[in-house]
Structure formats: C-alpha cells, structure tokens
Amino acid sequence: MYSVIANNLKKQYGKKKDVVTALKGISFEVEQGELFGIIGPDGAGKTSLFRILTTLLLPDGGTASVDGLDVVKDFKAIRQRVGYMPGRFSLYQDLTIEENLDFFATIFNTTVKENYDLIKDIYSQIEPFKDRRAGKLSGGMKQKLALSCALIHKPSVLFLDEPTTGVDAVSRKEFWEMLRSLKKQGITILVSTPYMDEASLCDRVALIQNGEILSVNSPEGVINSFRQPLVAVKDSNMLQLLNDLQNFEGVQNAYPFGEYHHVVLKDGYSANTVSDFLQQHNYHQPDVKTIRADIEDCFIALMKVSGEL
Ligand SMILES: Nc1ncnc2c1ncn2[C@@H]1O[C@H](COP(=O)(O)OP(=O)(O)OP(=O)(O)O)[C@@H](O)[C@H]1O
C-alpha cells in the first residue's frame, strides 16, 4: 500500500495579474517505509506541496492521500498520523528543550515517557542540555529538537521540509544517519532539500522545478538514465576555459563542478575531440578526462532539458 499519493496537485497564490503558480499538477506515490526525497531549488514548490500533504493548505486542484486518508476530507485524522518539521525553525524559542518536547507531546495527548523509545537515539544527544532555551541552541541541536518534537506522537509518516538547509556539513551527515535509523523503524519519510548530493541518500527521489516534477526514480535509476558522453576539464584559467568550451560545437552543456568544469558532449564527441579543440585554441596541456555522471550532473541535465538552465 502507498503511504502517500499525490494526483495532479495544483496550487496558485494571488489573483489575476499577480498570480503565482506554485504547483502545476504534481503526481507521485510513496511506498510505505520509504525514504523519499523531494529535490529542488528555492521556489520550486516544495513547501507548498508539504503544506498540502500535511493538511495545512488546500490544493486548488487534484487530490492527495496520506495513509489512505484524503487530505481535504480527512484532515483531522491525518494530523494525528503525520509528523511535520517545517523549513523555518518552528519551536518555542523561550521554552527549554524539555518544555518544547513536553508541549508537543501534550498537544497530541501523549507523554514523552510513552514514546521515549522512538526518539531516544536523537533526543539523548541533546538531553544533557534539557534546561537550555531553544533560542540558545546551535543549528544542529535545534534540528535534533525539532525532529524529536515531530516524532513524539509516533507518526506513521514524517514530512521534513529542508531539514538540512543552513546546517553544517557534520550535522547534515549525522541527520541523514538519524533518518536511516528512523526508516528501520518503519516510518515513511518524505524529506525536501535543495542539495542535490543528498539525493543519493534516499530510496527514491522526485526532482521538482518550477512547480513540476521532472523525474521520479531511484538514485541509481537517475544516474543510469544519463546517456551523453561526459568529460571533466581543468586548466589554469578556468573562466576563459568555460567560455571557450561553450563555443565548441560538440558541447551540449558546460558548467563549473568543484575544481573542474563538467562538459556534456553531443553524441559522437569525446575527451579526444575536446582535447583537440582546446589545443587548437592555444591550450598546451589541458587536463581532460572521461567521467561517469553523478547525480548532480543528471539533475543539471534534466533541468536543462526542461529549459531552466
Ligand atoms: N503565500 C504565498 N503567496 C504568494 N506566493 C507564494 C506564497 N507561498 C509561496 N509562494 C510562491 O510559490 C512558489 C513556490 O514556493 P514554495 O515555498 O512552495 O517553494 P519551495 O520549493 O519550498 O521554496 P523555498 O525553499 O524558497 O520556500 C514560489 O514562487 C513562491 O514565491
């Protein structure tokens, strides 16, 4: 059975001339127990989608269900079953860690003691500071508290809206480890992120752009669908190199990627043809190598096809 089904969901804000279309007909399904990523840049529609699925916002069109319940008709029942960690910090800054957790337990008619097992691994890391006010916590600690609060009523589906935005690299890594261990407990998790590299940590991902889904696939499936030749190129003047590469007829797309430029080639072109082109343009020993696409290359290619890059 699917935990979450979105069927042609639409959402607009504003009226007439000022209308913004946030969701243009989004459809996907999430399996029970799946860790499902919604990957997309700012403004893609991730928050609108999560707010509809958690019954905080009404769709203008389409239907959606969570745990078999309709997001419009059965909103009360859904609220008991979902955990939601919004993008912006949602806790009470003047309450302590312990008070925040107690508060969220109370509004769901439960106690921290009753569901302690579920949050133990996460909460125990901040419990030594339980008398500290939420407003005085580091980003990583706030994130752990927010996740504990979203879990305290034992939800069957957890929605996490950009939980790792603005969080340091170590805390990001720890957070994903926490999600993998929650998944083992059978919770379905939908997590949105603007970081393309986090896609590889999900079971499946949906790439969302401008209110539309460009692809739903496993991380391996996304990578395997990349078919064009791809090379990495480096030289001393990277800016000039990028300009020159973009003028080469064999190049479909070229973009900076770490200390290299990644260059997607048209069929029939290769690292050798790129080297020849560069040597004709006075590059003496350009570093050009054939590489395998990673998930970021795949997403950049999908966005280019949809006309966004
Ligand atoms: N209340 C609102 N009124 C008007 N426009 C809105 C409103 N909420 C969102 N939008 C617009 O709808 C589009 C989708 O926004 P949404 O917040 O759903 O995207 P997002 O992917 O979560 O991005 P972000 O991370 O920037 O919040 C954006 O163009 C945004 O400006």
Side-chain angles (χ1 to χ4, degrees), residues 4-28 30 35-66 71-72 75 78-79 82-91 139-140 142-143 146-147 150 157-169 171-172 175-176 179 189-202 204-217 222 295-296 298-300 302-309:
V4 177
I5 302 175
N7 181 23
N8 203 20
L9 278 181
K10 294 181 178 156
K11 183 70 199 173
Q12 288 194 328
Y13 298 101
K15 287 200 179 105
K16 291 186 182 160
K17 265 197 257 156
D18 293 328
V19 82
V20 178
T21 305
L23 301 177
K24 295 180 182 160
I26 296 269
S27 302
F28 63 91
V30 180
L35 176 47
F36 190 87
I38 311 268
I39 318 281
D42 286 350
K46 305 180 297 294
T47 301
S48 302
L49 176 64
F50 274 21
R51 288 176 64 81
I52 290 172
L53 295 175
T54 52
T55 80
L56 300 173
L57 189 67
L58 288 169
D60 296 324
T63 56
S65 67
V66 175
V71 291
V72 179
F75 71 95
I78 289 182
R79 287 178 189 180
V82 301
Y84 177 42
M85 186 172 150
R88 270 173 235 102
F89 189 50
S90 59
L91 303 168
K142 283 181 180 173
Q143 187 197 42
L147 183 57
V157 187
L158 189 58
F159 292 88
L160 308 169
D161 193 6
E162 298 198 20
T164 55
T165 297
V167 174
D168 67 82
S171 302
R172 264 174 75 185
F175 193 80
W176 278 94
L179 295 191
I189 304 171
L190 278 79
V191 55
S192 77
T193 177
Y195 302 121
M196 295 182 194
D197 59 322
E198 291 184 345
S200 54
L201 304 166
C202 302
R204 282 190 312 143
V205 289
L207 178 66
I208 181 171
Q209 171 83 19
N210 259 339
E212 286 176 295
I213 287 191
L214 305 182
S215 155
V216 181
N217 213 331
V222 172
I295 202 136
E296 294 179 55
C298 302
F299 285 159
I300 289 169
L302 284 165
M303 287 183 197
K304 181 156 172 79
V305 168
S306 85
E308 294 305 324
L309 286 178

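Start at 1 with the first residue, then count along the sequence. Counting starts at 1 for both ligands and their atoms, in listed order. Scope of the values below: all heavy atoms of this structure, side chains included, with no hydrogens, waters or symmetry mates. Fair warning: this is a prediction, and the values are worked out from it, not measured in the lab.
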Amino acids in close contact with ligand 1, where any non-hydrogen atom sits under 4.0 angstrom away:
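Only Y13, V20, A22, P41, D42, G43, A44, G45, K46, T47, S48, E162 have heavy atoms that fall under 4.0 Å of ligand 1, ordered by chain and number.
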
I need the single residue from T193, T47, T54 that forms a side chain to side chain donor-acceptor pair (under 3.5 Å) with D161. Which is it?
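With D161 as partner, side chain to side chain donor-acceptor pair (under 3.5 Å) holds for just one option, T47.
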
Do side-chain atoms of [X] reach the backbone of [Y] as a donor and acceptor pair under 3.5 angstrom?
{"X": "K46", "Y": "G40", "result": "yes"}
{"X": "Q143", "Y": "P163", "result": "yes"}
{"X": "S192", "Y": "E162", "result": "yes"}
{"X": "T21", "Y": "Q12", "result": "no"}

How are the rings of F159 and F50 set to each other: parallel, tilted or perpendicular (split at 30° and 60°)?
perpendicular

